[in-house]
Amino acid sequence: MGLAQGRGYLAIPGPSVVPDAVQRAMHRAAPNIYQGELVEMMDGLITDLRDVAQSTGHVAIYIANGHGAWEASLANILAPGDRVLVPATGLFGLGWGRHAEAMGAAVDWLDFGNSATVDPDRIEATLRADPEHRIKAVLATHVDTSSSVRNDIAAIRAAIDAAGHPALLMADCIASLGCERFEMDDWGVDVMVSASQKGLMMPPGLGLVWFNDRAAAVQARLDRVSPYWNWTSRAAPEAFYQYFGGTAPTHHLYGMRAALDLIRAEGLGRVWDRHARLARAIWAAADRWGSEGAMRLNITDPALRSHAVTSLSLTSPDATRLRGWTEEVAGVTLGIGLGMAEQGTPEADGYFRIGHMGHVNAHMVLGALGAIEAGLAALDIPHGSGGVSAAAAALAAG
Ligand SMILES: *Cc1c(COP(=O)(O)O)cnc(C)c1O
């Protein structure tokens, strides 16, 4: 007895919902890559990518997903044997660090588990214990999409500075860019990675790396950089798109133009505000549901929660049952639990995630919450009542 016909909501934390305007922009014949509109579009794209990161630095565009952006950033900073500090707060922090290890770096791990933020004091202490300055970079995850924790990137910069350490600060903003406040220059971030399919509202396929002059100077001292990942030509569109980097990601560039137009039309501050307000509605519903039964928000302190993704726990296997119900009966696809089993906490069947990043509005969030509430009732999963009303009240309160 499905009620899923109609437009579905892919409420997973990436790939996210692709706006019609982005789809329309990508639906076109193959363009000329050597001259004309595509080439003329590049300067504006770079300008708007800088803006979305609040950066005045360089932007390199790769045909890649987020894992590719991870590798790109590391390939331009690390030589085998170099040392990095990785404060991990979930699966994605661990993942970036493991990429560094696999590329020959020595990793100092600070594992904060999967329901807490990075403690900047421990970063400062670790860097103080490195008087020879062997640690070349700190790899910090802004929002870890598995745990849905948001780390204070500016506080991590302050910790590096307090230790008087020259390590670069590298940030993974794959889940957060275009959703949460992020100010690359003001927060002292040297390298930032993101990808097209989350807050940037596009299909997967573009990996993006922002870097400042400090990071460029570190790259210039490397003996060699793998040619595909070398960001120097990638960040010079006139060179990359015509000669050096291989064929340009033509249709994705048109899609990105449309996505950045949407962000610009709304205003970046309003984009951040919309995500914050929608997140508060989701938390209000979850608090009500959790007043009876087993449902809990994975991150207890609202100030530490992402505005783009919410990770929740239920008794196993109820999370999997619930996801099945909302998708099959209501047309809402929820995200799977990720990385929780790996760190010794209950198996993935006991977690689910709601993606609320990018092209998401109040009726979509209320619809997803209504589907969850109906699923909880249909499946006899114990929960407190009134979640959707609480979410509506939160939205009404502004
Ligand atoms: C999605 C995500 C990644 C990985 O991106 P892919 O495109 O799936 O390779 C890395 N880090 C974070 C924080 C993410 O949200």
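Whatever order the structure lists ligands and atoms in, that order sets their numbers, starting from 1.
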Checklist entry - Are D48 and R257 close enough for a salt bridge, meaning some N to O gap below 4.0 Å? => result yes
Item to check | Ionic contact status for R181 with E183, cut-off 4.0 Å | outcome: yes
Next on the checklist: Taking the basic N atoms (NZ, or NE/NH1/NH2) and the acidic carboxylate oxygens, is any pair closer than 4.0 Å for R157 and D190?
Outcome noted: yes
Checklist entry - On the ring face of W283, is R305 found with NZ or CZ under 6.0 Å from the centre and within 45° of the axis? => result yes
Item to check | Ring-face cation of R296 near Y351 (centre distance under 6.0 Å, axis angle within 45°) | outcome: no
Checklist entry - Would the W272 and H275 ring centres measure less than 6.0 Å apart? => result no
Checklist entry - Listing by chain and number, which residues have a heavy atom under 4.0 Å from ligand 1? => result N65, G66, H67, W70, F92, V143, T145, D172, I174, A175, Q197, K198
